[in-house]
> 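Structure below; questions to follow.
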Amino acid sequence: SLSLHPSHISCYFLCSCLSSPRAEQARDLVPKGNLCEVSFDALERDPIATLGHIYKTLGWDTFEQTLPDYRSYCSSLRGYRKNDFDSLSPEQKLFVQHHFREYFEAFGYDTDPVH
């Protein structure tokens, strides 16, 4: 199993909270150096390097210790097929676009909800 540092739980919690409608206000409350935002594309493209970036940004010094666990977990995902959201209705796409537009723009994703 992955060995989790207590701050990793906080990181997950922050990721969840920062996708709320009050994300901008929440970001202002996070002390400098305690927030690292990455795109899903970066995580998907190179998960190990992205995790290393997160650890470095947050000042966590346990990356080398957890690296074997992360490599093992990433290897277990080979062949995984991510969800396909082509079946979302135009209304559902508008909802997602409305609530997450700032993230789409910040990370360079297409903001056209019905393409």
Side-chain angles (χ1 to χ4, degrees):
S1 68
L2 292 176
S3 52
L4 292 177
H5 187 277
S7 58
H8 298 170
I9 297 167
S10 300
C11 179
Y12 174 78
F13 177 73
L14 276 175
C15 290
S16 300
C17 289
L18 291 175
S19 63
S20 75
R22 297 182 182 182
E24 198 61 42
Q25 294 167 346
R27 265 190 219 97
D28 293 340
L29 298 174
V30 177
K32 192 171 187 91
N34 289 355
L35 177 65
C36 180
E37 295 180 287
V38 298
S39 70
F40 177 77
D41 284 342
L43 188 60
E44 183 179 43
R45 186 175 44 257
D46 194 345
I48 299 299
T50 304
L51 288 168
H53 167 73
I54 292 168
Y55 272 70
K56 183 177 180 178
T57 300
L58 298 176
W60 297 339
D61 60 2
T62 58
F63 184 65
E64 292 301 321
Q65 295 167 336
T66 59
L67 189 54
D69 290 333
Y70 287 131
R71 282 192 174 133
S72 176
Y73 178 71
C74 289
S75 291
S76 77
L77 298 177
R78 291 198 202 301
Y80 173 77
R81 243 181 113 203
K82 67 180 180 179
N83 293 328
D84 178 1
F85 294 104
D86 288 338
S87 63
L88 291 178
S89 71
E91 293 80 18
Q92 291 169 321
K93 289 180 181 183
L94 281 170
F95 176 86
V96 170
Q97 187 236 13
H98 172 74
H99 289 283
F100 296 97
R101 181 178 196 90
E102 68 181 275
Y103 294 102
F104 289 2
E105 290 171 351
F107 292 111
Y109 294 111
D110 186 359
T111 57
D112 179 5
V114 290
H115 72 93

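It should be emphasised that the depicted structure is a prediction, and the values quoted were computed from it without experimental measurement. Values below: every heavy atom of this structure, side chains too, minus hydrogens, waters and symmetry copies.
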> List the residues meeting side-chain hydrogen bond (donor to acceptor under 3.5 Å, both in side chains) with E64, not counting sequence neighbours, and say none if there are none.
none
> Heavy atoms only: give me the nearest Y70-Y55 pair and the separation to one decimal.
OH-OH, 2.7 Å
> Which pairs of donor and acceptor atoms, one on a side chain in residues 42-51, lie under 3.5 Å apart (sequence neighbours left out)?
residue, atom, partner, partner atom, Å
E44, OE1, K82, NZ, 3.3
E44, OE2, K82, NZ, 3.2
D46, OD1, A49, N, 3.3
T50, OG1, A42, O, 2.9
T50, OG1, D46, O, 2.9

> Give a yes or no on whether the backbone of P68 and the side-chain of S72 come within a donor-acceptor separation of less than 3.5 Å.
no
> Looking at NZ of K56 and CG of D61, how far apart are the two atoms once the value is rounded to the nearest 0.5 Å?
14.0 Å
> Please confirm whether the backbone N or O of Q92 pairs with a side-chain atom of S89, one donor and one acceptor, at under 3.5 Å?
yes
> Among residues at least two apart in sequence or on other chains, which ones pass ring-ring contact (aromatic ring centres under 6.0 Å, His included) with F95?
H99
> Would you say that W60 contacts I54 through its side chain, given a criterion of any heavy-atom pair below 4.5 Å between the two side chains?
yes
